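All remarks here apply to the structure that follows.
Proteins come first, then strands; the chains are lettered A, B, ... in the order of their sequence lines, and each starts at number 1. Model, not experiment: these values are computed from the prediction.
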Number of protein chains: 2
Amino acid sequence: MAISNSNNRFSSKLTSQCQNCSLSALCLPIALADEDVNRLDQIIERKRPLKKGEILFHQGEEFDSVFAVRTGTLKTYNITNSGEEQITGFYCPSELVGLSGIDENHYPVSAKALETTTVCEIPFSHLEQLSSQIPSLKHQLFRLMSRKICDDQQMMVLLGKKNADEKVASFLLNLSHRFKKRGYSATAYRLSMSRGEIGNYLGLAVETVSRVMTRFQKNGLIDVDGKEISIINLPEMEKLVGAAGECATIEHV
Amino acid sequence: MAISNSNNRFSSKLTSQCQNCSLSALCLPIALADEDVNRLDQIIERKRPLKKGEILFHQGEEFDSVFAVRTGTLKTYNITNSGEEQITGFYCPSELVGLSGIDENHYPVSAKALETTTVCEIPFSHLEQLSSQIPSLKHQLFRLMSRKICDDQQMMVLLGKKNADEKVASFLLNLSHRFKKRGYSATAYRLSMSRGEIGNYLGLAVETVSRVMTRFQKNGLIDVDGKEISIINLPEMEKLVGAAGECATIEHV
DNA sequence: ACCAACATTTGATCTACATCAGCGAGTAAA
DNA sequence: TTTACTCGCTGATGTAGATCAAATGTTGGT
């Protein structure tokens, strides 16, 4: 895909730069030799930013790349036979989206930007080739996919067994952990998704999400101001979630 | 792990035999050259059968192998902080279990036999090494993990959005597809798990599972005799499930 | 600055499913 | 055979959260 130069603000960023990308330790957290980083750089395409609501790839489209989120947020979803949207995940900076397309060679979901979002496109066939030459890269890919499996299974437990309070608390703490990992505050952040999208994702009605958050605020667990969230009583929130899932508990590096 | 020779009935089977294993086309469905199959054979250990209730690996245990089910059925589950079991999956012959352990190098779940079950143990470090030398094997592994991600996400949709009827129907049809893929009848099979385990997996009470199945039978959709299930009205069942998930719809090879 | 469209909150009511309880059938041990 | 269990089925009742309804806030376009 040709790189757009229409916007000078970004063209300078659209160059090889895994070396100095602040996310490199996260998106493919491996100790690569300099020459290997260069090889990785060469296959990665930086794309122009997606505006809010723009689609990165469509459900059913042919799979060719995975994408690392650099800034902003994406959601993946599919459209059910009854025409409603079902959100299957949110993706923050440093996270990889598109792995589920490998199997069938088509993306089984669509990915849409929740806000202005930039991604690195990584053509999968190149990545796979490169992984043959760099064992640590291959291992890293296996780990990433394994983690995704693990995380999704925790999500299954959440959906199948937890009540509304536990779902919302898990969701807020999960985001907190993800922000913390990138060096941001774990206790104050901005939601990039609407209440409706949260409810859709958690298997709850919008009204329930709203009520639970309001109640959490009344009870001094969190502070809510529109999309701004502050976690006031972290221990109590964690208690609500319970020892949670093992994947989350063992704590990702 | 030493192979037990205490049981002659099995010792003859505990030899290299991916070539003539009827599942080989499924467990790692690749066109491998003969010599490659041999190399794969050499790293695989066939273990003595597990009896019903025996544990293949425990949650928290160090990860070293993935396992291909040859006969029988396994369930994976984890124990929540409140001490209850949460089933995260059932595994039939030809299916691979343990992939979620790669990331943290520990199994995040336990795996237990639901009936007498035999598995092939595949030490992951060897498999990974071998995959460096056989690109098609590496690709196959990526595909398998991708499919698992895809399937789990469909399960998330099921748990989050479907009602009891749709859950049970999806479950029964999913098993049907898995039996069919292995060449068995898609319309008559035996459940290896209890109603309680089905309910646990689907996020339903036992009583609900029982009631739904009874109602399905009354309505001529299925025939139930204890653990024996016959699907009488397949089209109607499929309608109940809806166009379902994309992963399932595009149809695995 | 204004208006239209949409997002969020709150209250009232409804319902799918959980929970509780009781029953019969199968199975294993004594 | 009896006792003790476990498993599956069915009926009665309770409840978490969905749905319906309406007011209020927020946002983007012109």
(Q) Quick test of your reading of the model: are Glu115(A) and Lys51(A) salt-bridged, counting only N-O distances below 4.0 Å? (A)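 Judged by the 4.0 Å cut-off on N to carboxylate O distance, Glu115(A) and Lys51(A) do not form a salt bridge.
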Expressed in angstrom and rounded to an integer, what is the separation of [X] atom [atom1] from [N] atom [atom2]?
X         : N       : atom1 : atom2 : answer
Leu202(B) : dC17(C) : CG    : C1'   : 14 Å
Leu191(A) : dT26(D) : CG    : P     : 15 Å
Glu197(A) : dC6(C)  : CD    : P     : 14 Å
Lys167(B) : dA18(C) : NZ    : P     : 7 Å
Lys52(B)  : dA28(C) : NZ    : P     : 10 Å
Lys161(A) : dA16(D) : NZ    : P     : 18 Å
Asn163(A) : dA18(D) : CG    : P     : 11 Å
Ile198(A) : dA7(C)  : CD1   : P     : 13 Å

Q) Ring centres of Tyr189(B) and Tyr184(B) under 6.0 Å apart? A) no
Q. Does the separation of the ring centres of Phe57(B) and Phe67(B) fall below 6.0 angstrom?
A. yes
(Q) So for the helix from dA1(C)-dT30(D) to dA30(C)-dT1(D), with five pairs setting each end axis, what is the inter-axis angle to 10°? (A) 50°
Q. Will you find, in the side chains of Lys162(A) and Ser170(A), an N or O donor that is under 3.5 Å from an N or O acceptor?
A.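 Ser170(A) and Lys162(A) do have a side-chain donor-acceptor pair below 3.5 Å.
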Q: Quick one: do Lys161(B) and Glu84(A) satisfy salt bridge (charged side-chain N to carboxylate O under 4.0 Å, His left out)? Show the steps, please.
A: CA-CA 10 Å; Lys161(B) 288 279 180 297; Glu84(A) 28 168 19; over 6 Å; no
**Q.** Sugar-phosphate only, base, or nothing, as touched by Ala164(B) at under 4.0 Å among non-hydrogen atoms
**A.**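 Counting heavy atoms under 4.0 Å across all strands, the contact made by Ala164(B) is with sugar-phosphate only.
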Q: Under 4.0 Å between any heavy atoms, over every strand shown, what does Gly203(B) touch: base, sugar-phosphate, or nothing? Just pick one.
A: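 Sugar-phosphate contact only - Gly203(B) comes under 4.0 Å of backbone atoms but never of a base.
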**Q.** Lys112(A) side chain reached by Tyr77(A) side chain, heavy atoms, under 4.5 Å
**A.**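 In contact.
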Q. Can you check salt bridge (charged side-chain N to carboxylate O under 4.0 Å, His left out) on Glu95(A) and Arg147(A), steps first, answer last?
A. CA-CA 11 Å; Glu95(A) 296 171 351; Arg147(A) 176 179 309 181; over 6 Å; no
Q: Kindly determine whether Lys239(B) and Glu166(B) satisfy salt bridge (charged side-chain N to carboxylate O under 4.0 Å, His left out), including the steps that lead there.
A: CA-CA 10 Å; Lys239(B) 218 163 83 187; Glu166(B) 293 166 336; over 6 Å; no
Q. Is there a donor-acceptor contact under 3.5 Å from the side chain of Thr76(B) to the main chain of Ala111(B)?
A.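 No, because the side chain of Thr76(B) does not come within donor-acceptor range (under 3.5 Å) of the backbone of Ala111(B).
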Q: Summarise protein proximity over nucleotides 8-13 of chain D in one line of letters, 5' to 3': B for base, S for sugar-phosphate only, - for none, counting protein heavy atoms closer than 4.0 Å.
A: SBBBB-
